[in-house]
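Counting starts at 1 for both ligands and their atoms, in listed order. A quick note: this is a predicted structure, and the numbers were derived from the prediction, not measured. One is the number of the first residue; the rest follow in order along the sequence.
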Amino acid sequence: MRNRLLLTALALVLPLGQVFANAEKVDYQAVVDQAYAQFKDVDEGANADYIPILATVPSDMFGVVIVTRDGKVFSAGEMDYEFSIQSVSKPFTASLVMAQQGPAAVRTKIGVEPTGLPFNSKMALELYDARSVNPLVNAGAIAAVSLVDADSEADRWDQIHGNLNDYAGRELTVLEEVYTSEYEESWSNRAIANLLFNYGRLYSEPEQTLRVYTRQCSTGINTRDLGMMGATLANEGVNPATGKRVLDAAHVPELLAIMATAGFYDESGEWMYSAGLPAKTGVGGGIVAVVPGKFAIATFSPPLNEAGNSIRGMRAIRYIAGELGVGLYGPNAGE
Ligand code: GLN
């Protein structure tokens, strides 16, 4: 009784919510601004050019955003330019397969081991009899597209597109010029699709699957969209802006585990060592990293390193993760 009186008195003086808010007050905007200022003039790497049109995207564009699990947005730099999502789409389509068939299907029909090889490796499929890869390299991502439960090419695309829209919280459009540029040069991915089919590890017709996969990769997003997509994962599968559940909370940990082990291809170990966060990169220059239960960090900057990962983006996210001390296993140094 006395305690209750005391609490009532306290509640009158100090609204409890405010007490907790103050205790946890983090100046996200300041950290985002610092990351932007610190890395905007980094002049290393080069745009991807094996998809010819990506070489024409202005290399100096740079955007950094944090989107919290309750939908607050803290941004610096380029937020509106629409770039192609490329491989950052891969975990989201893996999530659709998990939602439709459960995480066990991803494990048995695609695989969940990091390959330690470049994203477009064909050798990854030749190394082991099981032909097992993971959904974040091209082979596994093309297999994931083929696993979407669809009765036509159009239906397959509609479902994948709808799922990306749900993660972003708005209707996204395909950048048709990127699609054409990539599809016309898709010899390597066509080889992968055919190899998978040969080994019984592609579950729909190869050329149709390749087209849908290429459309998926050519979908346009801006830096803020990417932050919202990551924030949906940080928010246990519910989009913070629309309130729509996109993935069962029970499957989010499996998805984040694949991002942690394979999100940067043959640089995934280096990434976890330095940043300590599950994340995914794409050759369009996007990266999204997830701090489970808290927020997402997304960046856009086209110049890539040898592994195909955005240089300014990696540095900015490492810096933010280090400053905020949010590495999964404790605060990484961020170096
Ligand atoms: N669409 C690209 C490809 O298939 C995606 C690669 C990437 O972003 N790493 O090559």
Side-chain angles (χ1 to χ4, degrees), residues 45-55 57 82-94 110 114-125 133-146 157 160-161 164 172 174-196 202 206-221 223 225-226 229-230 258-259 262-268 270-271 279-289 298-311 313-314:
N47 288 27
D49 60 3
Y50 76 97
I51 300 172
I53 201 163
L54 294 186
V57 177
E82 286 201 6
F83 55 96
S84 53
I85 187 169
Q86 298 296 346
S87 287
V88 191
S89 62
K90 291 169 176 172
F92 301 102
T93 295
I110 301 174
T115 62
L117 292 165
F119 64 84
N120 54 1
S121 173
K122 284 143 290 274
M123 191 164 69
L125 276 173
V133 282
N134 69 70
L136 304 189
V137 293
N138 289 13
I142 294 170
V145 167
S146 80
W157 166 243
I160 288 174
H161 183 212
L164 293 175
L172 303 170
V174 170
L175 305 175
E176 293 294 341
E177 283 187 314
V178 176
Y179 174 78
T180 306
S181 179
E182 178 161 0
Y183 187 61
E184 281 175 355
E185 299 291 328
S186 266
W187 306 109
S188 173
N189 284 337
R190 185 170 289 111
I192 290 172
N194 283 302
L195 263 182
L196 282 165
L202 195 78
E207 196 62 30
Q208 284 188 16
T209 313
L210 178 67
R211 279 195 292 267
V212 176
Y213 166 78
T214 309
R215 285 198 93 67
Q216 171 187 308
C217 292
S218 309
T219 303
I221 48 160
T223 320
D225 293 327
L226 199 49
M229 296 176 89
I258 307 173
M259 291 167 72
F264 283 64
Y265 323 111
D266 45 335
E267 212 173 38
S268 298
E270 158 65 27
W271 174 254
K280 187 71 201 85
T281 69
V283 291
I287 306 182
V288 64
T299 54
F300 165 56
S301 167
L304 312 175
N305 66 11
E306 287 291 306
N309 300 322
S310 163
I311 293 178
M314 288 173 79

**Student:** Heavy-atom distance under 4.5 Å between the side chains of E182 and I53, does that happen here?
**Tutor:**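 A side-chain contact is absent here, since even the closest heavy-atom pair is not under 4.5 Å.
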
**Student:** Using a strict 4.0 Å threshold on nitrogen-to-oxygen distance, state whether E176 and R215 make a salt bridge.
**Tutor:**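 R215 and E176: salt-bridged.
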
**Student:** Would you check ligand 1 and list the protein residues that come within less than 4.0 Å of it by any heavy atom, ordered by chain and number?
**Tutor:**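 Within 4.0 Å of ligand 1, protein side: Y50, Q86, S87, F119, N138, E182, N189, Y213, C217, Y265, G282, V283.
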
**Student:** Are N120 and N138 close enough that a side-chain donor and a side-chain acceptor fall under 3.5 Å?
**Tutor:**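 N120 vs N138: no donor-acceptor pair found between side chains.
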
**Student:** S87 and Y265: side-chain donor and acceptor closer than 3.5 Å?
**Tutor:**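 There is such a pair between these side chains.
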
**Student:** The criterion is ring-ring contact (aromatic ring centres under 6.0 Å, His included); which residues satisfy it with F300, sequence neighbours excluded?
**Tutor:**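 Residues passing ring-ring contact (aromatic ring centres under 6.0 Å, His included) with F300: Y81, F83.
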
**Student:** State, without any angle test, whether N194 and E207 hold a side-chain donor-acceptor pair at a distance under 3.5 Å.
**Tutor:**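 Note: N194 and E207 side chains miss the donor-acceptor criterion.
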
